[in-house]
Amino acid sequence: MLAWNLPNTLIKAVKGTRDLLPPSTEAWNRVEAVARSVFRVYNYHEIRTPILEETQLFARGVGADTDIVTKEMYTFEDRDGSSLTLRPENTASVIRSYIEHRMDQLPGVKKLYYMGPMFRRERPQKGRYRQFYQIGAEAIGSESPLVDAEVIEMVVELLSLAGLKGFKLLINSVGDKHCRPRYVETLRERLKSVAPGMCGDCQRRAESNPLRVLDCKVAADQPVIEALPSILDYLCAECGEHFAAVRRRLDDAGIEYEVTPRMVRGLDYYMRTTFEVVHGALGSQNSVLGGGRYDGLAESLGSKVPAPGIGFSIGEDRLVMSVESEQAASALDLLIAPLGEAAQKCGAAMARDFRRAGISVELAEGKLKRAMELANKVGARFALIVGDDELAAGRYALKNLTTGEQESLTAGEIAARLAPPRN
RNA sequence: GUGGGCGUAGCUCAGCUUGGUAGAGCGCCGGAUUGUGGUUCCGGUGGUCGAGGGUUCGAAUCCCUCCGCCCACCCCA
């Protein structure tokens, strides 16, 4: 009954969380470095919001009857009785921060990016974890379709530079608070006659959430879904023109996309432009990123000043999964093998100097044979032998472990030989 | 929340049908080599067989319960 009184049970990572280990962490770092460099040239700046927020932020921001809020949040009562939640996504937090710090007073479009863990209590599977990581960006303070197009262009650039190949960009417009309700009503009406012939899930959705029917993957339902009215035919004049402008801009930029009127996003705050990038070989969870415009979000969080914006978030776990190739950790530059007490001291000093010069160094102990074996196993590029002869001569035996060649060099020559390329 | 698959050494797995108290390969450690790795050879380390209970003279193996992981549904990143 009391866990701490039970016999020793091995403690493991909690369900849905995982340790990211080397060499995989190198791929994560590469992806994050690419993202930061792309964000920089598009003039985005990093924002770090708390992982813990008031539960109300998500209930009101994401939508009170979305799946995320109704059944996926890690919510708990703080000691003072207030309700706190581990963030399930970050857009609501960014908008909260934007409002709280009156960023609307700053000049121009406010461009922010973030990266970090999010938490949703779902059943784990391939590409889905309870603690997962997102890289995202928000452009806030403009309703212009030019901003939509630039955000999409940036994210396509980011994915390409990260090494993602064969992905597909899907875009849609879900209208605004004037035209979308009209469409949903039409859809609901139409489904009354056709839903009975569809799969069980669709029959249920036809009542509860008609838009979800469009997202059904059951093959037999596809012809029926194709025949349903398209939201694009129901957009009001403003939304229609906005969407057309976004598409013109994407065409100008030479960006390939597919308009998918059936694409549905799961968060309530989206309006007008929505987009998604999918990639095969990710299992059933094939979406690498999702995003869209959220012009009414600030108001639903109680803001008097509007904060129209558009943003996206990349599923970093999924991106890394699809660009990661099995490669070794970055190679060690040099392993120093000192023989004896005096050499040990000299080796430590040399290691210090080399490391300050940007060379990665491992200092071995014990027998030379042992050290050489170790050098080989960890994939060191060079081994440096420091023994009595070398100490006396001031010249050390540097062995290239790839070619097997060995030469006798001074410390300065070795540093020059191993110096990393400047960038 | 609902299905399906799988849990034996650090890793990948065999053994289970037809019960007789645990194996291989790789890894790790050491040796053949006093100051030279990768190949080879030799030796060694390593498992309450996911946990608990039952059947049995005897259970990794048969039965029950539980737990964990993976994949899928739902939904999303």
Considering only atom [atom1], compute the distance from [N] to [M] and round it to an integer number of Å.
N: B/C63; M: B/G19; atom1: P; answer: 12 Å
N: B/U61; M: B/C16; atom1: C1'; answer: 4 Å
N: B/C73; M: B/C13; atom1: C1'; answer: 31 Å
N: B/G68; M: B/C26; atom1: C1'; answer: 26 Å
N: B/A14; M: B/C28; atom1: P; answer: 24 Å
N: B/U48; M: B/G58; atom1: P; answer: 23 Å
N: B/A77; M: B/G15; atom1: P; answer: 44 Å
N: B/G53; M: B/G31; atom1: C1'; answer: 48 Å

One should read off an interatomic distance between A/Ile51 CD1 and A/Thr85 OG1, to the nearest 0.5 angstrom, of 13.5 Å
Any-strand Watson-Crick or G-U partner of [N], both distances under 3.5 Å:
N: B/G3; value: B/C71
N: B/C66; value: B/G50
N: B/U18; value: none
N: B/A9; value: none
N: B/G44; value: B/C28
N: B/G35; value: none

Quick note, salt bridge (Lys or Arg N to Asp or Glu O under 4.0 Å) partners involving residues 271-289 of chain A, not counting sequence neighbours, are A/Arg265-A/Glu276
Residue pairs meeting salt bridge (Lys or Arg N to Asp or Glu O under 4.0 Å), one or both in residues 346-357 of chain A, sequence neighbours left out, come to none
Residue pairs meeting side-chain hydrogen bond (donor to acceptor under 3.5 Å, both in side chains), one or both in residues 137-165 of chain A, sequence neighbours left out, come to A/Tyr42-A/Glu153, A/Thr91-A/Glu138, A/Lys111-A/Glu150, A/Glu138-A/Tyr294, A/Asp148-A/His242, A/Asp148-A/Thr273, A/Asp148-A/Arg293
- request: May I ask you to decide if the ring planes of A/Tyr133 and A/Trp28 are parallel, tilted or perpendicular, using 30° and 60° as cut-offs?
  value: perpendicular
query = Quick check, are the ring centers of A/Tyr183 and A/Tyr234 under 6.0 angstrom apart?
reply = yes
Could I get the full list of side chain to side chain donor-acceptor pair (under 3.5 Å) partners for [X], not counting sequence neighbours?
X: A/Arg40; result: none
X: A/Ser408; result: none
X: A/Glu89; result: A/Tyr269

I'd like a table of atom pairs between the protein and nucleotides 7-12 of chain B - only N or O on both sides, under 3.5 Å - with the distance next to each one.
none

Residue set satisfying side chain to side chain contact (heavy atoms under 4.5 Å, CB included) with A/Ala415, at least two apart, ordered chain then number -> A/Phe354
For residues 117-125 of chain A, which side-chain donor-acceptor pairs fall under 3.5 Å, sequence neighbours excluded?
unit_1, atom_1, unit_2, atom_2, d
A/Arg120, NE, A/Pro88, O, 2.8
A/Arg120, NH2, A/Pro88, O, 3.0

The contact string for nucleotides 28-38 of chain B, one letter per nucleotide 5' to 3', using protein heavy atoms under 4.0 Å with B, S and - for base, sugar-phosphate only and none, comes out as SSSS---BBBB
Protein heavy-atom contacts under 4.0 Å, written 5' to 3' over nucleotides 66-77 of chain B as B (base), S (sugar-phosphate only) or - (none), form the string --SS-SBBBBBB
Under 3.5 Å, which donor-acceptor pairs link side chains of residues 382-392 of chain A to any protein atom two or more places apart or in another chain?
unit_1, atom_1, unit_2, atom_2, d
A/Glu390, OE1, A/Gly387, N, 3.0

